[in-house]
Amino acid sequence: WDTEPLPTTCFIGKICPWSYGQIYTIYENQPNLVTLRNYYEGGLTFEASQTVGRDKDCEDDHRTAPTGRPHCGYFVPALKITQLLAAGCDVVVLLADIHGFLDNLKAPIELVEYRVKFYRLAISAILESVGVPTERLQFVLGSSFQKSPEYVMDVYRLCSLVSEHEAKKAGAEIVKQSDNAPLSGLLYPILQVLDEQYLNVDAQFGGLDQRTLFTAAKDWLPKVGCRQCAHLINPMVPGLHGGKMSSSDEDSKIDLLDPPEVVTRKIRKAEAAPRITEGNGILAFTEFVLLSAAALNGRREFRVQRDRDGLEPLVYTSINQVHDVYRNDVLTPQLLKNAVAKALIELMEPIQAAYQASSEWKEITLKAYPSVQRKEKKIKDKGSRYPGSKGGESNSSGSR
Ligand SMILES: N[C@@H](Cc1ccc(O)cc1)C(=O)O
């Protein structure tokens with residue numbers, strides 16, 4: 001895909017892998033209308049309701065910075081993308097390669113090219129696994145337009161109009177904060193804000209953690225005479241340990257390529273207090289991934305096998321039913337976990353089959369995510385020119 005021509009239109013916006021929520025309404029009786037709505041009750045800054053023509057330019061942007069390996073949380077935005085595609089939206093997934101290293105070199109510059117390829121293969125496989133038609137889906141590489149003279153000039157322009165404080169505030173939740181942080185962390189929000197212009201999209205879709213960047217887009221873009229676009233925000237889905245699901249925390253996530261026994265083990269270890277539905281990552285996953293995927297496959301149901309106890313399976317068609325039985329402990333954490341592990345393993349099967357069948361994907365995996373030791377060495381060895389380095393402390397073999 002390096003040699004693919006650039007798509008002309010894009011939908012940008014991070015699809016935050018751990019995010020979820022009802023963010024738009026598709027009117028079945030008015031198939032050419034999609035209403036984008038903010039369902040978040042906290043009153044965020046994007047337009048409360050915006051109706052866009054479906055056949056024209058309804059473009060949605062899912063963006064992702066290729067850092068840690070995409071995990072099963074990616075099913076959540078993938079299902080949202082699926083729904084947008086089903087509604088006839090043009091969806092652009094921005095593979096934000098430059099952002100991957102602007103954020104404190106989270107994706108080292110030498111690896112970013114491979115990670116982008118890995119992300120693209122993984123996201124495509126997820127979407128294909130849920131059987132969505134992908135003609136209206138495009139992937140765009142950030143660096144394919146972020147180095148153009150016009151874009152770079154707009155970066156300079158915005159840098160002269162936005163204060164250091166504002167840039168810091170905009171990136172505070174996303175960009176790694178540290179003492180003597182690299183300057184690139186201040187550029188990060190400037191570029192993200194410009195991306196939605198250059199991708200020429202109607203809406204950017206991201207997790208709640210992106211809200212300050214979305215606000216910045218509203219505030220800053222008019223300064224350089226740009227139009228505003230809508231921002232769609234999903235709340236965060238809790239990870240397996242209750243907190244944010246993170247690409248960089250091995251324990252909080254299930255890798256897309258984890259074999260079935262590892263999936264089962266990780267789910268068994270996940271936190272799921274009996275009777276408590278709030279902050280329960282396993283229930284959130286059931287709602288936003290398993291039930292949605294089942295609906296896409298034509299039968300919205302969640303099945304809990306109980307053959308071990310010689311009982312009939314429990315079958316639920318809505319998350320409310322699941323919550324009710326979980327609260328009264330008919331559905332115990334153990335039963336729930338077994339059912340979720342089974343359904344997830346089934347969901348992952350076609351993705352893993354696609355991986356096994358692709359020598360290209362396997363090769364890229366090795367290049368994008370070399371062994372832990374090598375990775376650690378690389379991180380340590382950022383070279384004396386790395387802004388956080390204390391002159392002379394690191395040897396210079398990594399500097400260029
Ligand atoms: N900020 C996003 C990545 C991103 C980068 C550039 C964008 O234009 C959009 C999104 C993240 O947290 O992963």
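The structure displayed is predicted, hence computed values, not measured ones. Counting starts at 1 for both ligands and their atoms, in listed order.
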Legend entry - Heavy-atom gap E196 to ligand 1 smaller than 4.0 Å: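 Under 4.0 Å: no for E196.
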Looking at [X], which atoms of ligand 1 are within less than 4.0 Å of one of its heavy atoms?
X: Q210; value: 1 (N), 2 (C), 11 (C), 12 (O)
X: A96; value: 5 (C), 6 (C)
X: Q204; value: 9 (C)
X: I174; value: 1 (N), 12 (O)
X: D195; value: 6 (C), 7 (C), 8 (O)

Inset, instruction - State plainly whether the residues R265 and E261 are in salt-bridge range, i.e. N to O under 4.0 Å. - result: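 No, this pair does not count.
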Legend entry - Residue portion contacting ligand 1 (non-hydrogen atoms closer than 4.0 Å) for Q192: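 Contact part for Q192 vs ligand 1: both backbone and side chain.
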Legend entry - Part of L94 with heavy atoms under 4.0 Å of ligand 1, whether side chain, backbone, both or neither: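 For L94, the contact with ligand 1 is made by the side chain alone.
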Inset, instruction - Go through the side-chain N and O atoms of Q192 and Q210 and say whether any donor and acceptor fall under 3.5 Å apart. - result: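 There is such a pair (donor and acceptor under 3.5 Å, judged by atom type) between the side chains of Q192 and Q210.
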Inset, instruction - Mind telling me whether Y369 and F118 have parallel, tilted or perpendicular rings, with 30° and 60° as the class edges? - result: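 Because their plane-to-plane angle is over 60°, the rings of F118 and Y369 count as perpendicular.
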Legend entry - K266, Q352, H71 screened by side chain to side chain donor-acceptor pair (under 3.5 Å) with D258, the one that passes: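 The side chain to side chain donor-acceptor pair (under 3.5 Å) with D258 is passed solely by K266 among K266, Q352, H71.
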Inset, instruction - Calculate, to the nearest 0.5 Å, the distance between atoms CD1 and OG1 belonging to I282 and T277 respectively. - result: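 Between atom CD1 of I282 and atom OG1 of T277 there are 14.0 Å.
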